[in-house]
Number of protein chains: 2
Amino acid sequence: MPVIKSSREEAVDAIMKEFRKSGYDAASLARLSAATGLGKSSLYHYFPNGKEDMAKAAGARAAELVVEAVIEPLTGEGDLKARLNKASAGLSKFYNGGKTSCLVDLFTIGEAEAAAPGLAKSMAEAVLRALASVAEESGHAKKQAKLVAERAVIELEGALVLARALGSTRPFQRMLSRLPELLLANEG
Amino acid sequence: MPVIKSSREEAVDAIMKEFRKSGYDAASLARLSAATGLGKSSLYHYFPNGKEDMAKAAGARAAELVVEAVIEPLTGEGDLKARLNKASAGLSKFYNGGKTSCLVDLFTIGEAEAAAPGLAKSMAEAVLRALASVAEESGHAKKQAKLVAERAVIELEGALVLARALGSTRPFQRMLSRLPELLLANEG
DNA sequence: TCCAATATACCAACCGTTCGGTACAGTGAG
DNA sequence: CTCACTGTACCGAACGGTTGGTATATTGGA
């Protein structure tokens, strides 16, 4: 039930969108201002430390959405295959079918690391932990679960990069179809 | 035998290095000037269209180096396993063990695409073509060879992203050890 | 003499950030 | 009920600095 979105929450969503479209460096305050509909100085009202705060808020929001779209369906109830399908659909939606980039990638490039140190790392680690936990639950040994989670993240990030470079969502779609058999324990 | 490096060639190498370290947007003319040891006017002497020309030159040089380090060893003489080892070593060296990024990733972010349209795409396609040709030669059917090449590039790019995010080269190293069995036709 | 190469000086545009200020919705004392 | 006060939301204008890029002058080797 979408009660009332505060202006700040709306702003964070728009900011996340802009960062994921342009990357950290190219997402200028002018663009973030246009994306949110707020004046530059208004942005400083919600984010006193400027661009750095905006990046952190965008990262936190993205993590929230990933948990919502992927992790929760994965650890929920129902048969395993159905859960994997749900998670795949969630991934596809969050990454817009492969057209929208991942902040784990974008926030490790250029000035982002200097502005918000460790942000990308903590985001990556959170996803790795969640995926490893799921893989372990599905039958993998602890060590193997970690490796499987790493491969999943690698395929995700790589597919997004290639899709972006080629201007095609096909590599991302193919990667999505590979994911379930990767996570599951009963492989050949 | 290219004994004497022209000043321009040295500059291109330094520029490529800087782009691969900072990405397109954060690689300012000031940084490129410092990286090359050349004043702005000298840079514009060698690269009349400015940053755009520098990006193109860096991309072309990177492609050259990849062919040299990976493709040529792969299509050379000797037993297949030895060639794969050589290519792996070449990859590791070119990407500095996972510490240096790939321009296919960096040049699809921010203003790069607007400045040099299609550059990242042509680079990605060149690598895909070369890898697919190798995979086909090693026994894969044409269609399968393309898919295998795509997966190899995805793993490469993804491993580089994750390694960068985590600040660890381990994901890249593990990916390198997976590559040979991916390219080879006789899989389970 | 010629011309590639470099230096110096400069530009308008834009950067992230800050300032001074307005509009307005509470709130609590009288 | 009123009115001074407070806090939140927002904005236009400007800050000092940097951006990518240019124009002009000078250097130095062939």
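It should be emphasised that the depicted structure is a prediction, and the values quoted were computed from it without experimental measurement.
Rounded to whole Å, atom C1' of C:dC14 lies 13 Å from atom CG of B:Asp25. Here D:dT22 presents its P atom at 15 Å from NZ of B:Lys51, a figure rounded to the nearest Å. D:dA23 atom P lies 16 Å from atom NE2 of B:His45, rounded to whole Å. Here D:dG20 presents its P atom at 13 Å from CD1 of B:Ile15, a figure rounded to the nearest Å. For the pair A:Glu10 CD and D:dA9 P, the interatomic distance rounds to 13 Å; values are reported in whole Å. Here D:dT19 presents its P atom at 10 Å from CG of B:Leu32, a figure rounded to the nearest Å. In this structure, B:Asn49 places its CG atom 13 Å from C1' of D:dT22, rounding to the nearest Å. One interatomic measurement links the two molecules: CG of B:Leu29 to P of C:dC11, which rounds to 18 Å at whole-angstrom precision.
For A:Arg61 and A:Phe19, the positive end is not near the middle of the six-membered ring at less than 6.0 Å and at most 45° from its axis.
Within residues 36-44 of chain A, the residues approached by DNA chain C to less than 4.0 Å at the level of any non-hydrogen atom are A:Lys40, A:Ser41, A:Tyr44, in residue-number order.
A:Glu52 has a carboxylate O that lies under 4.0 Å from a charged side-chain N of A:Lys56, or vice versa, which qualifies the two as a salt bridge. Looking at A:Glu111 and B:Arg31, a side-chain N of the basic residue comes within less than 4.0 Å of a carboxylate O on the acidic one, giving a salt bridge.
Distance alone, capped at 3.5 Å, is enough to place a donor-acceptor pair between the A:His140 side chain and the A:Leu184 backbone.
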Got a list of side-chain donor-acceptor pairs under 3.5 Å for residues 157-171 of chain B, not counting sequence neighbours?
{"residue": "B:Arg164", "atom": "NE", "partner": "A:Thr108", "partner atom": "OG1", "Å": "3.0"}
{"residue": "B:Arg164", "atom": "NH1", "partner": "B:Ser101", "partner atom": "OG", "Å": "2.9"}
{"residue": "B:Arg164", "atom": "NH2", "partner": "A:Asp105", "partner atom": "OD1", "Å": "2.7"}
{"residue": "B:Arg164", "atom": "NH2", "partner": "A:Thr108", "partner atom": "OG1", "Å": "3.2"}
{"residue": "B:Arg164", "atom": "NH2", "partner": "B:Asp105", "partner atom": "OD2", "Å": "3.1"}
{"residue": "B:Ser168", "atom": "OG", "partner": "B:Arg170", "partner atom": "N", "Å": "3.1"}

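Remark: of the listed residues B:Gln144, B:Lys142, B:Lys146, B:Lys142 is the sole one forming a side-chain contact (heavy atoms from CB on, under 4.5 Å) with B:Glu136.
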